[in-house]
Amino acid sequence: MTRSVAVEQFPEGYAAMVIGGAAGIGRATAELLARRGVDVTIADRDGDAADIAAQAVRDAGGAAAAAACDVTDEASLTRAFESAVSRHGVVHAVINSAGIQGPLGRPSHEVGIAEFERTLAVNLTPGLTIARVVIPHFLERGYGRIVHVASIAGKEGNPQMIGYSASKAGLIGLVKAQGKEYSRSGITVNAVAPAVIRTPFLDSQPESVVNYMLEKIPMGRTGELHEVAEMLAFIASPAAGFTTGFTFDLSGGRATY
Ligand SMILES: NC(=O)c1ccc[n+]([C@@H]2O[C@H](COP(=O)([O-])OP(=O)(O)OC[C@H]3O[C@@H](n4cnc5c(N)ncnc54)[C@H](O)[C@@H]3O)[C@@H](O)[C@H]2O)c1
């Protein structure tokens with residue numbers, strides 16, 4: 001009989017930065033990590049919301065700081081990462097949950113190039129920017145976790161969400177390539193692909209879009225924030241050591257690949 005050995009999910013002194021951590025999936029993940037003893041830096045374009053989220057973590061007994069950060073701006077991201085590193089001299093994991101929906105409810109021939117490119121700039125290009133900013137720090141230490149929040153739309157393609165679907169599909173491809181690039185360095189690069197999760201992001205979607213997404217989920221319900229946060233926390237932990245370049249499913253059975 002094999003004896004199982006209980007280990008703490010996060011060693012003492014573990015530090016993470018959650019980009020887009022002031023709301024929704026990012027905030028739920030930052031809160032869960034903090035409850036598990038991780039020092040979190042909540043980086044968000046909305047600096048005031050990041051302050052409020054970090055204060056809420058501290059009020060609950062966790063360790064957190066806020067950093068105003070626009071993930072589309074490399075200098076801004078560098079400053080936020082440096083402020084995270086300055087807390088303890090090291091950051092072990094970066095979770096990227098920043099994202100926008102882009103143009104919705106119109107077929108491709110009615111979508112403008114500028115609004116499409118803006119969606120890629122927020123949802124896709126940061127996959128490269130984050131690597132440029134974070135990976136040198138990880139390489140020096142021989143350890144690091146990057147986790148991006150992609151979407152089922154990137155696996156399956158949601159009609160009338162062309163910028164969103166394309167940007168998330170791009171992110172999934174980027175993660176595959178980066179996972180292989182750093183596979184012998186102690187660094188893993190992964191993503192999650194949620195179907196519909198109950199957040200304010202969902203409330204802002206047209207009802208027809210929500211219904212379209214719900215009817216495709218075999219479980220017949222939305223995902224819950226804690227379900228996403230649990231998976232992100234696991235992927236960001238040392239325990240998830242033998243998976244890289246992968247996009248984890250969170251779709252209630254919609255995508256079984
Ligand atoms: N909610 C869902 O059903 C769902 C499903 C699949 C994928 N996702 C993805 O999950 C991620 C988070 O979604 P959510 O529902 O939590 O959204 P949300 O809008 O509640 O939170 C997103 C956060 O990202 C921040 N942000 C946006 N642009 C930014 C930028 N340029 N720089 C830094 N921060 C920025 C926002 O200020 C906000 O705090 C997104 O990438 C989204 O595409 C969400």
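Start at 1 and go down the list; that is how both ligands and their atoms are numbered. Because the structure is a prediction, the values reported are computed rather than measured. These values consider heavy atoms only, across backbone and side chains, with no hydrogens, waters or symmetry-generated copies.
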Under the 3.5 angstrom rule, does the side chain of T188 hit a backbone N or O of R145 as a donor-acceptor pair? no
Is it true that a side-chain atom of R141 and a backbone atom of H137 form a donor plus acceptor pair closer than 3.5 Å? yes
Could you tell me if the side chain of F116 sits less than 4.5 Å from the side chain of I162, heavy atoms only? yes
Is the shortest side-chain heavy-atom distance between F248 and T243 below 4.5 Å? yes
Contact check, S97 vs ligand 1, heavy-atom distance below 4.0 Å: yes
Decide whether the shortest distance between a heavy atom of S76 and an atom of ligand 1 is less than 4.0 Å. no
Contacts of type salt bridge (Lys or Arg N to Asp or Glu O under 4.0 Å), residue R35, not counting sequence neighbours: none
Enumerate the residue pairs fulfilling side chain to side chain donor-acceptor pair (under 3.5 Å) with a member in residues 52-80, sequence neighbours excluded, ordered by first and then second residue. Q55-R58, Q55-D59, D70-T72, E74-R132
Run the numbers for me: atoms of ligand 1, each under 4.0 Å from some heavy atom of [X], listed by number.
X: A150; value: 7 (C), 9 (C)
X: D70; value: 30 (C), 31 (N), 32 (N)
X: I25; value: 10 (O), 16 (O), 44 (C)
X: V71; value: 30 (C), 31 (N), 32 (N), 33 (C)
X: Y164; value: 6 (C), 7 (C), 8 (N), 9 (C), 42 (C), 43 (O)

When you check the gap from the basic side-chain N to the acidic O, do R198 and E227 get nearer than 4.0 Å? no
About how many Å separate CD1 of I42 and OG of S97, when rounded to the nearest 0.5 Å? 11.5 Å
d(D39 CG, M17 CE) to nearest 0.5 Å is 12.5 Å
Between [X] and ligand 1, is there a nitrogen or oxygen pair with a distance under 3.5 Å?
X: V196; answer: no
X: D46; answer: no
X: A43; answer: no
X: T72; answer: no
X: P194; answer: no

The one among [options] that brings a heavy atom closest to [atom]:
atom: atom 33 (C) of ligand 1; options: A49, A67, G20, C69; answer: C69
atom: atom 41 (O) of ligand 1; options: K168, R27, Q101, R198; answer: K168
atom: atom 4 (C) of ligand 1; options: G24, A195, S151; answer: A195

What part of T199 sits under 4.0 Å from ligand 1 if we count only heavy atoms: the side chain, the backbone, both or neither? side chain
Identified side chain to side chain contact (heavy atoms under 4.5 Å, CB included) partner of P194 from the options L232, V149, T222: V149
